[in-house]
Amino acid sequence: MLGLLILLETEEDRISFEEMYKKTYLQLIYIARSILMNQPDAEEVVHDVYVRLADNFTLYRGRSLYEMTGLGIIMTRNLSLNRLRYKLRHREYSFEQYEYIFGAEDTTLEDIMKEETLEELKSALMKLKQKERDILALRYYYRFSYKQIGKVFDMREKTVEVRLRRIKGRLRRAMEEKM
């Protein structure tokens, strides 16, 4: 992290960046690892996120920790997905990524039904716009409040609440159609 602090112009920026780093590092690692299923790749992606944030920190000066966390989450997710796509295109597979499949017990009918429902939900989610998926993730996965989400996307709290209600309604209808 010391190398990243050199990229920052002022002492105030360095202190702010260091605080953000300490409070968000583990969360960003968790996100990247959940997508990539690989600790070294996750660490590399998170490092790339912090390098990008440090390079452009003057643009983010004055933003709250919540806003910076949201930005870091979205950047981590996008860079992780880009890396995953690259790996899939270039067939960089490792046995560890699929260990849960090979080591699994025989599946039951209930497990199969859960898996099918999850696949339908994933399909419905992928039909949403990226911003809508980001709002859902920040609210339900990362437990952001309406106010915090509003700060990340520059919206009022009420707007976030209405958008979430509409997004959930569309998801519910899509799931009902498939069932």
Side-chain angles (χ1 to χ4, degrees), residues 1-101 118 121-123 125-155 160 163-164 167:
M1 187 186 71
L2 183 60
L4 295 174
L5 294 177
I6 294 170
L7 298 173
L8 302 170
E9 296 174 3
T10 67
E11 186 63 29
E12 184 181 321
D13 286 349
R14 289 182 191 102
I15 291 168
S16 179
F17 186 85
E18 189 172 3
E19 177 186 351
M20 178 199 58
Y21 181 91
K22 287 177 182 177
K23 293 191 182 212
T24 61
Y25 180 78
L26 291 177
Q27 187 177 23
L28 298 186
I29 286 288
Y30 177 78
I31 293 165
R33 192 175 54 219
S34 70
I35 293 170
L36 296 167
M37 304 292 190
N38 182 318
Q39 182 70 23
D41 284 347
E43 290 173 358
E44 193 171 322
V45 163
V46 170
H47 177 74
D48 290 348
V49 167
Y50 285 119
V51 167
R52 288 179 184 200
L53 287 172
D55 278 343
N56 299 306
F57 203 72
T58 55
L59 299 173
Y60 308 126
R61 190 177 290 140
R63 292 200 178 194
S64 71
L65 180 61
Y66 290 121
E67 292 173 306
M68 294 303 292
T69 301
L71 185 61
I73 288 168
I74 292 167
M75 289 174 74
T76 300
R77 191 215 47 233
N78 290 341
L79 288 177
S80 296
L81 290 172
N82 287 347
R83 178 168 293 223
L84 185 62
R85 282 186 206 105
Y86 176 84
K87 288 180 91 168
L88 290 173
R89 238 187 343 263
H90 293 87
R91 304 287 187 246
E92 292 180 19
Y93 299 116
S94 68
F95 178 75
E96 290 79 28
Q97 287 178 297
Y98 304 102
E99 187 175 345
Y100 68 95
I101 295 172
L118 282 173
L121 179 60
K122 286 179 190 176
S123 174
L125 283 169
M126 293 313 293
K127 291 179 183 175
L128 295 175
K129 294 177 184 171
Q130 185 64 52
K131 187 174 183 178
E132 293 171 333
R133 288 194 303 266
D134 292 340
I135 290 171
L136 279 174
L138 289 175
R139 177 66 180 159
Y140 296 107
Y141 191 75
Y142 301 107
R143 307 265 192 240
F144 274 41
S145 68
Y146 293 146
K147 185 176 183 176
Q148 292 166 332
I149 296 170
K151 285 182 180 179
V152 171
F153 290 106
D154 196 27
M155 291 188 256
V160 172
R163 286 230 180 141
L164 276 167
I167 293 166

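Remember, it's a predicted structure, so these values are computed and weren't measured experimentally. Hydrogens, waters and symmetry mates are skipped; everything else that's a heavy atom, side chains included, is used.
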Could you list the residues that satisfy side chain to side chain contact (heavy atoms under 4.5 Å, CB included) with [X], not counting sequence neighbours?
X	answer
L81	I35, R77, R85
S64	Y66, E67, K151
E132	L128, K129, I167, R170
S16	F57

*Taking it one step at a time, do I73 and F144 satisfy side chain to side chain contact (heavy atoms under 4.5 Å, CB included)?*
CA-CA 12 Å; I73 288 168; F144 274 41; 4.2 Å; yes

_Does I149 form a side chain to side chain contact (heavy atoms under 4.5 Å, CB included) with R163? I'd like the steps, not just the answer._
CA-CA 11 Å; I149 296 170; R163 286 230 180 141; over 6 Å; no

*Residue list, salt bridge (charged side-chain N to carboxylate O under 4.0 Å, His left out) with E44, at least two apart or on another chain*: R83

Using side-chain hydrogen bond (donor to acceptor under 3.5 Å, both in side chains) as the criterion, list what pairs up with [X], not counting sequence neighbours.
X	result
E43	Q39
T76	none
Q130	R133, D134
R139	none

_Backbone N/O of D41 and side chain of N38: donor-acceptor pair under 3.5 Å_ = yes

*asked:* On a heavy-atom basis, which atom in S80 and which in V45 lie closest, and how many Å separate them?
replied: OG-CG1, 3.5 Å

*Shortest non-hydrogen contact between A32 and V46, atoms and distance*: CB-CG2, 4.1 Å

*Enter the distance from L53:CG to M20:CE here, rounded to the nearest 0.5 Å.*
5.0 Å

*Measure the spacing between CG of L79 and CD1 of I74 and express it to the nearest 0.5 Å.*
12.0 Å

_Under the rule for ring pair (Phe, Tyr, Trp, His ring centres under 6.0 Å), what residues qualify as partners of Y25, not counting sequence neighbours?_
Y21

*Indicate yes or no: does R14 engage E18 in a salt bridge with an N to O separation below 4.0 Å.*
no

